[in-house]
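Here is the structure we will look at, set down as structure tokens.
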Protein chains: 2
Amino acid sequence: MTQRRTRPTINQVAEAAGVTKSSVSRAFTRPEMLSADTVSKIFAAAEKLGYVPNHTARALSTGRHGNIALIVPDVANPFFPPLIRAAQAEADRSDYCVFLGNSDENPQQEDKLIGRFGGQVEGLVLASSRLGDEQIVAHSTRRPLVLINRDVEGIPRVLIDSATGVAEAVEHLAALGHKRLVYVSGPHGSWSNKQRRNAVRRSARQLGMEVSVISNEYAAFESGRRITANVLATGATAAIAFDDLTAQGMLAELLDRGISVPEQFSVVGCDDVLGAATYPALTTVSNRSVEAGKTALTLLIDILENNAIRDVRYVLNTSLVVRGTTGPAAG
Amino acid sequence: MTQRRTRPTINQVAEAAGVTKSSVSRAFTRPEMLSADTVSKIFAAAEKLGYVPNHTARALSTGRHGNIALIVPDVANPFFPPLIRAAQAEADRSDYCVFLGNSDENPQQEDKLIGRFGGQVEGLVLASSRLGDEQIVAHSTRRPLVLINRDVEGIPRVLIDSATGVAEAVEHLAALGHKRLVYVSGPHGSWSNKQRRNAVRRSARQLGMEVSVISNEYAAFESGRRITANVLATGATAAIAFDDLTAQGMLAELLDRGISVPEQFSVVGCDDVLGAATYPALTTVSNRSVEAGKTALTLLIDILENNAIRDVRYVLNTSLVVRGTTGPAAG
DNA sequence: CTGTTAGCGCGTTCAG
DNA sequence: CTGAACGCGCTAACAG
């Protein structure tokens, strides 16, 4: 059994180095206040004892922990991992640790997580938050907050504007001769969903196309399969799905039903998380989640370090990626 | 501007309730030690002031933070998100917050992260750690540690045994008449890679097949494409890849080269992270990452709460999932 | 059942 | 440039 001994404290180092706690503390935070001599003497002692400043004690004393929290609706949704990764990397550059929270698309869970993290983070970023505006505002009064894909005035936010890409998608379908299309919607509290739905409607109207909206609470492969029957029932010849997962589910179901894509039906996804991996390769709207994650963290850290209270609204545009699931409208 | 006032302390609550700090403290940790009367009196006062126990101060005093850290090589590798999600959910059930770390497949980065998290977590779980055995052992002497897909004696670990599934894959290929196959390996420090490579070799020998190993440090779609030329150069008729991503890259490259799968070449992946989304749908080895994540956390929490020093070696078996990328050996 | 007294380990005045 | 003293907010004995 290896011994799990208790860590050396600042006092032991002080004693070993023949100085006081204060000097040791300074050696680790503002060495320039000490003579080079004492500093190296202290470091030597610290090294020998294996001393590491106690993060918790320091946090209690200073009020800063060097932690931030990132909350997402679903870690396993392929849209988020790259975003998380980018956020991590950015946090790391400034020596922040990141708590990850999974809200399970559930506002209450999200609220609970914020509460749990609350006490030990400098700030948080909520990605695709499912919370109500008032709750978000309320939380933001307690500590710095930045939003991703959620547009609340007065709160720093980075938005991936899928509207531009979705509009291109509708135009693309119109150019292919489609007259009736359906938008398969996503989660209710989702800002992105609202934005996409509106973009589809607007463009369709302008182009004289008929559009119906089919709701589908939980965006995923299986639910994509399930709502396909409803989609077909509308008599539309093309569909734009809230995300690639849903689109992929529809693709699978369509193939199972012997409906060939894109010959008999066109499908476009959103977020481009699948790359060209589906068959046929999915036509979709590009995604900028990596930049979103990185930017959100840059923003947050800037707010934290510079005490800047910025009301930023950072918008990232998207565009259509045409691949193989869209084609001329079936006669 | 909403005011960002300083949080009320235990003292203010005590004063408001006409008791001492101790009682307030107890009301929040061991209410059964107090009379129902005082407890409700205290809660009322706390409620009115909006008091919330200070996590940091509590941690300093008790030495427990209620945090655990989870470190993975690459959040964006589809193998991990489900694992992370499951681990989160399990941590949540016991009110633990989880720090997520991304080591970028880099031992030094992993070490750095462990250090950073070290001071504020009760324990950690390292998934597919790229650290050396000695380092892992060293870290485990400081605080509880559980490993996923890493087999270090004396340290609690949960292993996804892909060997069983890989063996089935080799048999499957043998039954289809293949005589020469290649194993496309994964990251160097990876235990899973070693395990899979050995399983391929062992089974191939038993079945009288010839096998070459091609190395490919970073497992991903693009690198899968790149090594395809080398794979073909071996003259083999089938390949087993370290993971699905690599396999998917190979698929794309093979199609681009006009080599049809599975008619002219068979491919099998590992981890089943893509589902049936590739074309043709990928034959692969099943994955149990969700159970792995959940189990690892259950283990860790058990160790933490019950002070149990368990040398567990939890093994999860896998099996072959036959889909569309394997077929009879080309004449 | 409740109050008193010490710390937990460190940062930060304020003197010198 | 360095030391002494106090406080961060809370828990943990120890008394009553």
Side-chain angles (χ1 to χ4, degrees), chain A residues 4-46 49-67 116 118-122 142-143, chain B residues 4-46 49-67 116 118-122 142-143:
Chain A
R4 195 160 296 166
R5 59 192 172 181
T6 161
R7 289 166 40 178
T9 81
I10 200 173
N11 272 308
Q12 312 185 25
V13 179
E15 190 168 1
V19 295
T20 34
K21 309 188 327 183
S22 320
S23 296
V24 179
S25 172
R26 284 170 186 132
F28 280 90
T29 50
R30 282 201 286 287
E32 70 278 7
M33 287 184 67
L34 266 33
S35 77
D37 245 26
T38 35
V39 171
S40 58
K41 197 166 53 183
I42 291 172
F43 280 154
L49 297 181
Y51 168 76
V52 176
N54 182 313
H55 190 95
T56 313
R58 179 176 284 181
L60 179 57
S61 181
T62 61
R64 346 191 63 264
H65 324 241
N67 298 153
R116 241 219 266 305
Q120 31 187 353
V121 300
E122 248 80 294
R142 302 191 213 299
R143 85 199 82 258
Chain B
R4 195 160 296 164
R5 57 190 174 185
T6 162
R7 287 166 43 178
T9 83
I10 200 174
N11 271 309
Q12 313 186 24
V13 178
E15 189 169 0
V19 295
T20 34
K21 307 187 332 183
S22 321
S23 297
V24 179
S25 173
R26 284 172 187 132
F28 280 88
T29 51
R30 285 201 285 287
E32 69 279 7
M33 286 184 67
L34 265 32
S35 78
D37 245 26
T38 38
V39 170
S40 59
K41 198 166 52 182
I42 292 172
F43 279 154
L49 298 180
Y51 168 77
V52 176
N54 182 315
H55 190 95
T56 313
R58 179 177 285 179
L60 179 57
S61 182
T62 60
R64 347 190 64 263
H65 325 241
N67 297 153
R116 240 218 265 306
Q120 29 187 353
V121 299
E122 246 82 293
R142 302 192 211 300
R143 83 200 83 257

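All chains are named by letter (A, B, ...) in the order of the sequence lines, taking the proteins before the strands, and each is independently numbered beginning at 1. The analysis underlying the following values was restricted to heavy atoms, covering all of them including side chains, and did not include hydrogens, waters or symmetry mates.
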Next on the checklist: One pair to check against side-chain hydrogen bond (donor to acceptor under 3.5 Å, both in side chains): B:S35 and B:T38. What are the steps and the verdict?
Outcome noted: CA-CA 6 Å; B:S35 78; B:T38 38; 2.8 Å; yes

Item to check | Check: A:V52 main-chain N/O paired with A:R7 side-chain donor or acceptor under 3.5 Å | outcome: yes

Item to check | Closest listed nucleotide, where the reference is the side chain of A:R58 and the choices are D:dC10, C:dC10, C:dT4 | outcome: C:dC10

Checklist outcome for this item: 5'-most contact on DNA chain C (nearest-nucleotide basis), B:T62 vs B:T38, goes to B:T38

Next on the checklist: Between C1' on D:dG9 and CD on A:Q120, what's the gap in Å once rounded to a whole number?
Outcome noted: 15 Å

Item to check | Separation of atom CZ in B:F28 from atom C1' in D:dC10, rounded to whole Å | outcome: 12 Å

Checklist entry - Is the shortest distance from a Lys or Arg side-chain nitrogen in B:E122 or B:R143 to a carboxylate oxygen in the other one below 4.0 Å? => result no

Next on the checklist: Once you apply a heavy-atom cut-off of 4.0 Å, does A:V19 come out as touching a base, just sugar-phosphate, or nothing?
Outcome noted: sugar-phosphate

Next on the checklist: Under 4.0 Å, counting only non-hydrogen atoms across every strand here, what does A:R64 touch: a base, just sugar-phosphate, or nothing?
Outcome noted: nothing

Checklist entry - The side chain of A:T29 lies closest to which of these nucleotides: C:dG11, D:dA12, D:dG9? => result C:dG11

Checklist entry - Tell me: CD1 of B:I10 to P of C:dG3, nearest whole Å? => result 12 Å

Checklist entry - Just wondering, are more than 12 heavy atoms of other shown residues or ligands nearer than 6.0 Å to CD in A:E15? => result no

Item to check | Closest to the A:S61 side chain, choosing from C:dT13, D:dC10, D:dC8 | outcome: D:dC8

Next on the checklist: If I take atom CG in residue A:N54 and atom C1' in nucleotide C:dC8, what distance separates them, rounded to the nearest angstrom?
Outcome noted: 8 Å

Checklist entry - Starting at CZ of A:R26 and ending at C1' of C:dT12, how long is that distance when rounded to a whole Å? => result 8 Å

Checklist outcome for this item: Taken to the nearest whole Å, NZ/B:K21 to C1'/C:dC8 is 12 Å

Item to check | Protein-nucleotide distance (B:M33, atom CE; C:dT2, atom C1'), rounded to Å | outcome: 9 Å

Next on the checklist: It should be established whether A:S25 places a side-chain nitrogen or oxygen under 4.0 Å from OP1 or OP2 of nucleotide C:dG11.
Outcome noted: yes

Item to check | Contact nearer the 5' end of DNA chain D, comparing A:G18 with B:V24 | outcome: A:G18

Next on the checklist: On the nucleotide D:dT2, are OP1 or OP2 found under 4.0 Å from the side-chain N or O atoms that A:S35 carries?
Outcome noted: yes

Checklist entry - Looking at C:dC10, D:dC10, C:dT5, which one has an atom nearest to any side-chain atom of B:Y51? => result D:dC10

Checklist entry - Between A:Y51 and A:F28, does the ring centre distance come in under 6.0 Å? => result yes

Item to check | Shortest side-chain distance from B:L60, nucleotide among C:dC10, C:dC8, D:dC10 | outcome: C:dC8

Next on the checklist: Counting only side-chain heavy atoms from C-beta out, which of C:dC10, C:dT12, D:dT2 sits nearest to A:L34?
Outcome noted: D:dT2

Checklist outcome for this item: Per atom distances to the A:S22 side chain, the nearest of C:dT12, C:dT5, D:dG9 is C:dT12

Item to check | Backbone of B:A57 reached by a side-chain donor or acceptor of B:S61 within 3.5 Å | outcome: no

Checklist entry - Taking atom C1' of C:dT5 as reference, at what distance in whole Å does atom CG of B:N11 sit? => result 14 Å

